[in-house]
J.: 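Pasting a structure below so you can have a look.
Please read these numbers as outputs of a predicted model, since none were measured by experiment. Chain naming here is simple, since letters A, B, ... match the order of the sequence lines and numbering starts at 1 in each.
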There are 2 protein chains.
Amino acid sequence: MGRLGLVQKDAKELPLRERKKLRTRQALVDTALELFTAQDFTTVTLDEIVDAVEVSKRTFFRTFTSKEDVALAPEKELWAAYVTDIESRPLSGERLLGAYKDALFAALEQMTDGWEQRFLASRSLADRTPALTAHSLRHCSEVSANVVRIVAGRLAGQSPGDTELRLLLDLMLAAWHRALEAWTSSEAAQQDRAALVRHMHEAFAVIPAVAALAAQDG
Amino acid sequence: MGRLGLVQKDAKELPLRERKKLRTRQALVDTALELFTAQDFTTVTLDEIVDAVEVSKRTFFRTFTSKEDVALAPEKELWAAYVTDIESRPLSGERLLGAYKDALFAALEQMTDGWEQRFLASRSLADRTPALTAHSLRHCSEVSANVVRIVAGRLAGQSPGDTELRLLLDLMLAAWHRALEAWTSSEAAQQDRAALVRHMHEAFAVIPAVAALAAQDG
DNA sequence: TGAGCTTATGCCACTCAGTGGCACTATCGC
DNA sequence: GCGATAGTGCCACTGAGTGGCATAAGCTCA
């Protein structure tokens, strides 16, 4: 579909300075995830990371806001694509959950090659590192608030209120988190993107039953 | 109903050493919330807090795990009561959402006098402090996992699967967070416990509509 | 191609959260 | 009261994150 080609073209059109910045950024993410995976998020020190990449600590903090930030870079990439997709996606009062879900599948598809390995490493780390869990949840919550603001603006005044929009999104995100859990805890051979999509379908398939349970005692 | 009397009796029966620990703990929470509210979570330094309470920094970290921990103490208190309530609450496969909700109302009632002021301060801080938002969400997520483990064990094998149990709980928690948002952003005169309960009812009342939206596009 | 502007980087010193270790003091059980 | 058993204070240390300033690298226009 030429997506990758487009990205390369974009990259080539970027001025040298920007390309260098992106290159060190990518190097930082890669080596950080490598070191965190080999050892552990808490034991790996920032100095080890910047020494390995041969940049100063100062440069690290101009690229990332914190040690957690670099470890969650793949996740942030995904959510950025999600927001972009939602912004340009046709919406209607009904089939909202469908739109929420479809945007996530679409965002997933937009990730470049190699993203899934980084994302898997990032998620595995987050599952066993409290500090990363916390940062991940906060980012997710910020994105949710943004998405609801966008969607509410688009459906201005129409059918579902803001609270409904948000609860529905949170419900989908809850399912997404179950899917992630299943994915990261599955055997290594089943940790590619297709498997993640399967887990997402399974988790989303549970939602109707939950809706029934929720409806039966208002 | 004599609940408060019981608590006082319990406190009196505690050995002196324990009572002292509780006293400094309470002093730390109170002054920390005071200072954070007067200034700001990030600008208030740990030394200021421990100087005001006249304990050493070392003692602070024997009582709390982090600076965030002390700021979220009222919230943790509530969730501890929630888990305790769930553990001893009769459960059935149907009316699960009802049980989740009722346990929260029950936990709220068990909080001692003065709790709501501390909780309000804590929540207001959390709303405008990223680090606190993150820690709060993580704690909530850990409690969720625990609650589902408990409930799943009690309903072993029965009707709803673990995923359904978790998604339903997450849905309730999403509503709870909306209620909190409404409560903390309301005018000061409407920030007592009764008002919080009203906001909870309002938020929970939205769930059926969300269930309908979720059911219509599986 | 080079002068001059702009922007990223490196380096240094600093603050502050959090930890480990050890001596000290207060409580408890008898 | 007298050992045993805590909790506390003090001190030195690591490691994350920030501010400031000099330097180097990339960009722009002649």
J.: For K20(B) and S66(B), take the nucleotide of DNA chain C holding the closest heavy atom to each; which residue's nucleotide lies nearer the 5' end?
T.: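 The answer here is S66(B).
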J.: CZ of F64(B) versus P of dT19(C): gap in Å, rounded?
T.: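 Taking atom P of dT19(C) as the reference, CZ of F64(B) is at 14 Å.
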J.: Between D51(A) (CG) and dG15(D) (P), how many Å, whole number?
T.: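 Going from CG in D51(A) over to P in dG15(D) covers 12 Å.
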J.: From dA16(D), dG7(D), dG10(C), pick the nucleotide closest to the side chain of R17(B)?
T.: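 Looking only at heavy atoms from C-beta outward on R17(B), the closest nucleotide is dG7(D).
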J.: Pick the nucleotide of DNA chain D nearest each of E18(B) and L46(A); which residue has the one closer to the 5' end?
T.: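 Looking at the nearest nucleotide for each, E18(B) comes out on the 5' side.
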J.: Which nucleotide wins on minimum distance to the side chain of K57(A), given the candidates dG17(D), dT5(D), dG18(C)?
T.: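 The closest nucleotide is dG17(D).
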J.: So do L72(B) and F64(B) actually touch side chain to side chain, heavy atoms under 4.5 Å?
T.: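 Heavy-atom side-chain distance check fails, nothing below 4.5 Å.
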J.: Compare the minimum distances between each of dC28(C), dT6(C), dA17(C) and the side chain of F61(B), then state the nucleotide with the smallest one.
T.: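 The answer is dA17(C), which lies nearest to the side chain.
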J.: Check this one for me: any side-chain N or O of T45(B) less than 4.0 Å away from OP1 or OP2 of dA17(C)?
T.: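 For dA17(C), OP1/OP2 do have a side-chain N/O of T45(B) under 4.0 Å.
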J.: Does any part of the side chain of M200(A), heavy atoms only, come nearer than 4.5 Å to the side chain of W183(A), both counted from C-beta?
T.: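 No, every pair of side-chain atoms sits at 4.5 Å or beyond.
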J.: Does R62(A) get its side chain close enough to the base of dG10(C), under 3.5 Å, for a donor-acceptor pair?
T.: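 Answer is yes: a donor-acceptor pair is held.
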J.: Taking donor-acceptor contacts at under 3.5 Å, does the side chain of R58(B) reach the base of dG20(C)?
T.: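 For R58(B), whose side chain was compared with the base of dG20(C), there is a donor-acceptor pair (under 3.5 Å).
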J.: Quick one: pull up CD1 in I86(B) and CG in N146(B) and give me the separation to the nearest 0.5 Å.
T.: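 Result: 11.5 Å between the selected atoms.
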J.: Hey, what bend do you get for the helix from dT1(C)-dA30(D) to dC30(C)-dG1(D) if you fit axes on five pairs at each end, rounded to 10°?
T.: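 Terminal axis comparison yields 30°.
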J.: Checking side chain to side chain donor-acceptor pair (under 3.5 Å) against S136(B), which of K76(B), E75(B), H177(B) comes through?
T.: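 Only one of K76(B), E75(B), H177(B) forms a side chain to side chain donor-acceptor pair (under 3.5 Å) with S136(B), namely E75(B).
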J.: Say whether R128(B) and T133(B), considering side chains only, have a donor N or O and an acceptor N or O under 3.5 Å apart.
T.: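 Not at all, the side chains of R128(B) and T133(B) share no donor-acceptor pair under 3.5 Å.
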J.: For L28(B) and dG9(D), give me the distance from atom CG to atom P, rounded to whole Å.
T.: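 One finds 10 Å between P of dG9(D) and CG of L28(B), rounded.
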J.: Do L137(A) and S141(B) make a side-chain contact, defined as non-hydrogen atoms from C-beta onward lying under 4.5 Å apart?
T.: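 In contact.
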J.: Does the side chain of L169(A) come within less than 4.5 Å of M172(A)'s, by heavy atoms?
T.: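 Answer yes - side chains close enough.
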J.: Taking only side-chain nitrogens and oxygens of S56(A), does any of them come within less than 4.0 Å of OP1 or OP2 of dT9(C)?
T.: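 Checking S56(A) against dT9(C): no side-chain N or O falls below 4.0 Å of OP1 or OP2.
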J.: Using a cut-off of less than 4.0 Å, is there contact between a side-chain N or O of K21(A) and OP1 or OP2 of dA8(C)?
T.: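 The answer is yes; a side-chain N or O of K21(A) sits under 4.0 Å from OP1 or OP2.
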